[in-house]
Amino acid sequence: MDEAAILSRLGLDRVNPGAYAGIWYEGGGDTEPIYNPTTGDVLAEITTCDAATYDLVVDKATEAFEAWRATPAPVRGEYIRRLGQALRDRKEDLGALVTLETGKILAEGTGEVQEMIDICDFAVGLSRQLYGLTMASERPRHRMYEQWHPLGPIGVITAFNFPVAVWSWNAAIGAVCGDSIVWKPSPRSSLTAVAVTAICDRVMAGTGLGAVFSLAAGGTGIGSRMAGDRRLPLISATGSSAMGRSVGSKVANRLGSSLLELGGNNAMIVMDDADLDLATRAALFAAVGTAGQRCTTLRRLIVHSDVVEDMAKRMVTAYESVPIGDPMQEGILMGPLITDDAVAGMLAAVETAQAQGGKVLTGGRRRSIHGLSDRFVEPTIIEIGKDAPILHTETFAPILYLIEVRSLAEAIEVNNSVPQGLSSAIFTDSIGRAESFLSHRGSDCGLANVNIGTSGAEIGGAFGGEKDTGGGRESGSDAWKAYMRRQTTTINWGGELPLAQGIEFS
């Protein structure tokens, strides 16, 4: 694909403003390059926000909220329907830009845009289903019910690895709930944010509501301002657990709300009765997809001792057949890591694992590819004991730790032993073992799967995890409630004033 043509069709220039709130602003901050991790070349540049421009963006988003909240929810849904259609029209180009900016393969780039389209479809239906409950009052001639109101301007901080999909989970749902959205993308993937915001601008053109979807590009300084900003009642942040602690503490200090999607460190259990062909295919995508840079990436493969040797051979064979190279090329299954630091972090983790008794079964090295950057690595499998300290640390790279266990109880214990708690899976043909894994004594993760891998969650279910993963829930099910405030209402339609609990006060 022609890189320049893709950028041109998406309306991107050599230098792009990183601030939007109904109109584009230059940003006032530094001009930062956006790199293609595959080649190391500069794709374009973004002018980031300074403090004054950030404040202007939030002020405009606050003004837009006042008009947007008064717009009937089904009408808000109609705008989201139009956004979904606009994304369909730009799916191939936007998916290619995701690949250019993040290094994930083209199928994953376009798949991420499809996820945006899907959540828009979900949100359109939701716009007519923001239901509250009617409850029986203990007092005669009283009616009690709950209703839901928009929160206000919502701050959304996204990570590089899903530069547009996670924004859409928040933006599409939050918008039909009546909230305006202020987006701070990762500095490593701001170009896709500019492209999506330009699409939003076209969808909202002529309505006076353009600032419903606002953009404030910048680094940690902008993220910190958002976390401490009382104008933003909710901050939804995706990133590392360390980032989540920083954001969460600042938001909590002002008694705001936070929705945190943080580290994963996910595990898959393979029992002795599992379909090993199925388990191998699932583990390969879960561990190698996006070059191991997903929050749901498989990090720990926990295998029953009766099949561990067979499973190890299958995984090594699969890993050594993975095509690595330019993710824009057909047939490539793994692209580069996002930065040089990410490569250094992976190689350091391999050394640490070996020092803790780990044995590298395959991979563990940098991969040199002619004409491309030096950010390519070999996907790695390390056989290691269940008590190795490194198992408690998530390395954002394609390292899979193979751990042998002798029972389901031991497997579940290993699954739950880490600080994080996002995604988990078990492969077994036993309904009893599957149900044990799903019970209150089983997986402690927010996502628990049977005979599928840890990655690839559908938008219809609530997405999120426990412990150091942050406890937030986004996307489907009733996750919309995080973007609204609940109000319990009681109406007395009689002539008396009885008190609850039978209290007499006369």
(message) So that I can tick it off, tell me whether Asp468 and Arg245 are bridged by a salt bridge, with the cut-off set at under 4.0 angstrom between side-chain N and carboxylate O.
(response) yes
(request) Could you tell me whether Glu32 and Arg188 have a side-chain N and a carboxylate O separated by less than 4.0 Å? (result)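 A salt bridge is absent here (no side-chain N lies under 4.0 Å from a carboxylate O).
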Counting heavy atoms not belonging to [X], are there more than 12 under 6.0 Å from its [atom1]?
{"X": "Arg88", "atom1": "CZ", "answer": "yes"}
{"X": "Arg141", "atom1": "CZ", "answer": "no"}
{"X": "Glu66", "atom1": "CD", "answer": "yes"}
{"X": "Tyr35", "atom1": "OH", "answer": "no"}
{"X": "Glu330", "atom1": "CD", "answer": "no"}

Is there side-chain contact between [X] and [Y], with heavy atoms separated by less than 4.5 Å?
{"X": "Arg294", "Y": "Leu422", "result": "no"}
{"X": "Val57", "Y": "Tyr20", "result": "no"}
{"X": "Asp478", "Y": "Trp480", "result": "yes"}
{"X": "Thr296", "Y": "Phe463", "result": "yes"}
{"X": "Leu97", "Y": "Leu12", "result": "yes"}
{"X": "Ser127", "Y": "Cys177", "result": "no"}
{"X": "Met328", "Y": "Asn36", "result": "no"}
{"X": "Ile46", "Y": "Val194", "result": "yes"}

For [X] and [Y], work out which heavy atoms get closest and say how close.
{"X": "Ser180", "Y": "Phe65", "answer": "OG-CB, 3.5 Å"}
{"X": "Gly95", "Y": "Val113", "answer": "N-CG2, 3.5 Å"}
{"X": "Ala193", "Y": "Leu215", "answer": "CB-CD1, 4.0 Å"}
{"X": "Arg231", "Y": "Thr62", "answer": "CB-OG1, 4.5 Å"}
{"X": "Val176", "Y": "Gly77", "answer": "CG1-CA, 4.0 Å"}
{"X": "Asp374", "Y": "Val343", "answer": "O-CG2, 4.3 Å"}

(message) Quick one, Tyr131 with Glu146, criterion side-chain contact (heavy atoms from CB on, under 4.5 Å). Give me CA distance, side-chain angles, the key distance, then yes/no.
(response) CA-CA 9 Å; Tyr131 300 140; Glu146 66 181 21; over 6 Å; no
[X] (side chain) donor-acceptor with [Y] (main chain) under 3.5 angstrom:
{"X": "Thr53", "Y": "Cys49", "answer": "no"}
{"X": "Gln293", "Y": "Asn161", "answer": "no"}
{"X": "Asn16", "Y": "Asp13", "answer": "yes"}
{"X": "Ser241", "Y": "Leu262", "answer": "no"}
{"X": "Ser258", "Y": "Leu260", "answer": "no"}
{"X": "Thr297", "Y": "Ala287", "answer": "no"}
{"X": "Glu138", "Y": "Ala500", "answer": "no"}
{"X": "Glu101", "Y": "Leu191", "answer": "yes"}
{"X": "Lys91", "Y": "Thr110", "answer": "no"}
{"X": "Ser475", "Y": "Ile459", "answer": "yes"}

(message) Distance to the ring centre below 6.0 angstrom and angle to the axis at most 45 degrees; does that hold for Arg76 and Tyr79?
(response) no
Using the test salt bridge (Lys or Arg N to Asp or Glu O under 4.0 Å), find all partners of [X] that sit at least two apart in sequence or belong to another chain.
{"X": "Arg90", "answer": "none"}
{"X": "Arg300", "answer": "none"}
{"X": "Asp93", "answer": "Arg9"}
{"X": "Arg14", "answer": "Glu45"}

Identify every side-chain donor-acceptor pair in residues 202-214 under 3.5 Å, counting partners at least two apart or on other chains, and give the distances.
from, atom 1, to, atom 2, distance (Å)
Thr207, OG1, Met204, O, 2.6
Thr207, OG1, Leu209, N, 3.0
Ser214, OG, Ala211, O, 2.8

(message) Walk me through whether Ser236 and Asn170 qualify under side chain to side chain donor-acceptor pair (under 3.5 Å).
(response) CA-CA 8 Å; Ser236 175; Asn170 290 275; 2.7 Å; yes
(message) Please evaluate residues Ile222 and Thr48 with respect to the criterion side-chain contact (heavy atoms from CB on, under 4.5 Å), reporting the C-alpha separation (whole Å), side-chain torsions for both, the decisive distance (0.1 Å), and the verdict.
(response) CA-CA 9 Å; Ile222 296 298; Thr48 60; over 6 Å; no
[atom1]-[atom2] distance between [X] and [Y], expressed to the nearest 0.5 angstrom:
{"X": "Ile324", "Y": "Met334", "atom1": "CD1", "atom2": "CE", "answer": "4.5 Å"}
{"X": "Gln420", "Y": "Glu394", "atom1": "CD", "atom2": "CD", "answer": "6.0 Å"}
{"X": "Asp179", "Y": "Tyr483", "atom1": "CG", "atom2": "OH", "answer": "9.0 Å"}
{"X": "Asp326", "Y": "Ile105", "atom1": "CG", "atom2": "CD1", "answer": "11.5 Å"}
{"X": "Leu106", "Y": "Gln329", "atom1": "CG", "atom2": "CD", "answer": "9.5 Å"}
{"X": "Arg82", "Y": "Ile199", "atom1": "CZ", "atom2": "CD1", "answer": "16.0 Å"}

(message) If the test is side-chain contact (heavy atoms from CB on, under 4.5 Å), which one of Pro185, Ser186, Ser189 qualifies with Pro163?
(response) Ser189
(request) Just say parallel, tilted or perpendicular for the rings of Trp183 and Trp167, cut-offs at 30° and 60°. (result)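 The arrangement is parallel - the two ring planes meet at less than 30°.
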(request) Verify side-chain contact (heavy atoms from CB on, under 4.5 Å) between Arg473 and Leu259, making sure each step is shown before the conclusion. (result) CA-CA 7 Å; Arg473 293 297 185 274; Leu259 197 167; 5.9 Å; no
(message) Tell me if the centroids of the rings in Trp169 and Phe162 come within less than 6.0 Å of each other.
(response)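 No - the distance between ring centres of Trp169 and Phe162 does not fall below the 6.0 Å cut-off.
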(request) With sequence neighbours excluded, tell me which residues meet side chain to side chain contact (heavy atoms under 4.5 Å, CB included) with Arg485. (result)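 Partners of Arg485 by the side chain to side chain contact (heavy atoms under 4.5 Å, CB included) criterion, ordered by chain and then number, come out as Arg69, His149, Leu151, Gln487.
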(request) Test side-chain contact (heavy atoms from CB on, under 4.5 Å) on Arg139 and Thr490 and set out the steps. (result) CA-CA 10 Å; Arg139 291 168 285 185; Thr490 306; 3.7 Å; yes
